[in-house]
Amino acid sequence: MRSTFRRRSLVVALAAALVVPLVAAPSAQAAVKDGARPASYESSVVARMNSARAKEGLPALLELPALRTDARQWSATRSKRGTSGRLAHQSMTVMKKDTRAAGCTGGYAEIVLWASPMPSTAKVVSTYLGSAAHRRIVLSGRYTHVGSGTVVRGGVTYNTVRFASGCARTATKVAGWATKRTQTVGRTQKDAITVSAVAPRKVYLQKRAGGRWTTVKKYTTSRTGRLVVTIPARSKAGKVLYRVHAPKTATHRAVSSGTKTVTYRR
């Protein structure tokens with residue numbers, strides 16, 4: 001069976017737009033019923049894009065449900081029109097309205113693709129990256145959030161990816177931080193924690209002293225937010241209050257953990 005690929009991109013910044021139609025290489029068949037909106041497939045597209053971004057030293061894009069919904073709606077609209085005629089984008093007016101309704105006040109962009117038979121997500125992303133115009137969008141440092149929407153109809157896969165910036169920051173969580181700890185005088189202890197992140201993130205270990213929090217040590221998480229924090233040694237017995245604090249980022253709100261009471265004993 002012959003495979004067909006078409007893709008297109010639209011970058012919106014103020015009133016400017018870039019539209020590039022292309023033809024791509026064949027791909028493998030995947031079994032998905034008509035009318036399906038495969039969520040795992042959509043997330044895999046984003047994951048593969050983020051993998052490509054990581055290789056370029058760029059932070060991961062954070063999936064935003066509202067952008068995914070908008071992308072799905074446009075893929076559904078395109079699927080009803082079929083593959084004849086021009087591969088179209090959502091209008092800039094509607095796209096801007098959608099983006100603002102999603103809580104994003106910055107720039108926005110869209111890339112679209114249809115393929116038959118259904119390609120693997122690796123092929124979808126490599127196809128986008130194979131075009132200079134599409135690659136610039138996927139690997140742009142200006143966007144922080146993304147939504148991938150896919151609909152299958154008539155054996156044809158329609159994919160839309162929406163990008164946005166200036167979005168409302170996502171709540172941050174700190175996992176693995178115990179609130180009580182007993183520690184032997186003169187020894188340190190380590191806590192493995194995870195802070196919500198899509199890129200390496202600054203985290204501060206702080207101590208309560210004199211009615212205020214002071215930074216004891218600065219850390220940087222992994223791209224996935226993992227971090228090992230060392231609770232410092234102390235020369236005498238007693239109780240000390242600690243917490244970890246992560247300042248806000250482009251995608252996440254600032255957060256402070258609960259207070260950890262460390263009891264130093266001999």
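With sequence neighbours excluded, the residues satisfying side-chain contact (heavy atoms from CB on, under 4.5 Å) with Arg187 are Thr184. For the side-chain contact (heavy atoms from CB on, under 4.5 Å) test, residues two or more places apart in sequence or in another chain that qualify with Lys80 are Arg153. For the side-chain contact (heavy atoms from CB on, under 4.5 Å) test, no residue two or more places apart in sequence or in another chain qualifies with Thr179. Residues satisfying the side-chain contact (heavy atoms from CB on, under 4.5 Å) criterion with Ser235, sequence neighbours excluded, are absent altogether. Judged as a side chain to side chain donor-acceptor pair (under 3.5 Å), and not counting sequence neighbours, the contacts of Tyr242 are Tyr264.
Applying the ring pair (Phe, Tyr, Trp, His ring centres under 6.0 Å) rule to pairs touching residues 154-206 yields Tyr143-Phe163, sequence neighbours excluded. Counting only residues at least two apart or in different chains, disulfide (SG to SG under 2.5 Å) contacts with residues 232-266 are absent. The stretch residues 220-232 participates, sequence neighbours left out, in no salt bridge (charged side-chain N to carboxylate O under 4.0 Å, His left out) pair at all. Within the structure, disulfide (SG to SG under 2.5 Å) contacts touching residues 151-261 (residues at least two apart or in different chains) are Cys104-Cys167. Within the structure, salt bridge (charged side-chain N to carboxylate O under 4.0 Å, His left out) pairs that include any residue of residues 155-181 comprise Asp98-Arg162, Glu110-Arg162, Arg181-Asp191 (at least two apart or interchain).
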Show me, pair by pair, the donor-acceptor contacts under 3.5 angstrom made by side chains of residues 45-67, not counting sequence neighbours?
{"from": "Arg48", "atom 1": "NE", "to": "Thr121", "atom 2": "OG1", "distance (Å)": "2.9"}
{"from": "Asn50", "atom 1": "OD1", "to": "Leu61", "atom 2": "N", "distance (Å)": "2.6"}
{"from": "Asn50", "atom 1": "ND2", "to": "Leu61", "atom 2": "O", "distance (Å)": "3.1"}
{"from": "Arg53", "atom 1": "NE", "to": "Pro59", "atom 2": "O", "distance (Å)": "2.8"}
{"from": "Arg53", "atom 1": "NH1", "to": "Val138", "atom 2": "O", "distance (Å)": "2.8"}
{"from": "Arg53", "atom 1": "NH1", "to": "Ser140", "atom 2": "O", "distance (Å)": "2.8"}
{"from": "Arg53", "atom 1": "NH2", "to": "Pro59", "atom 2": "O", "distance (Å)": "3.0"}
{"from": "Arg53", "atom 1": "NH2", "to": "Ser140", "atom 2": "O", "distance (Å)": "3.3"}

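For the residue pair His245 and Ser256, a side-chain donor N or O sits within less than 3.5 Å of a side-chain acceptor on the partner. Between Thr93 and Ser91, the side chains place no donor N or O within less than 3.5 Å of an acceptor N or O (distance only, hydrogens not considered).
Leu241 forms part of a hydrophobic cluster together with Trp213, judged by ILVMFWY side-chain heavy-atom separations under 4.5 Å.
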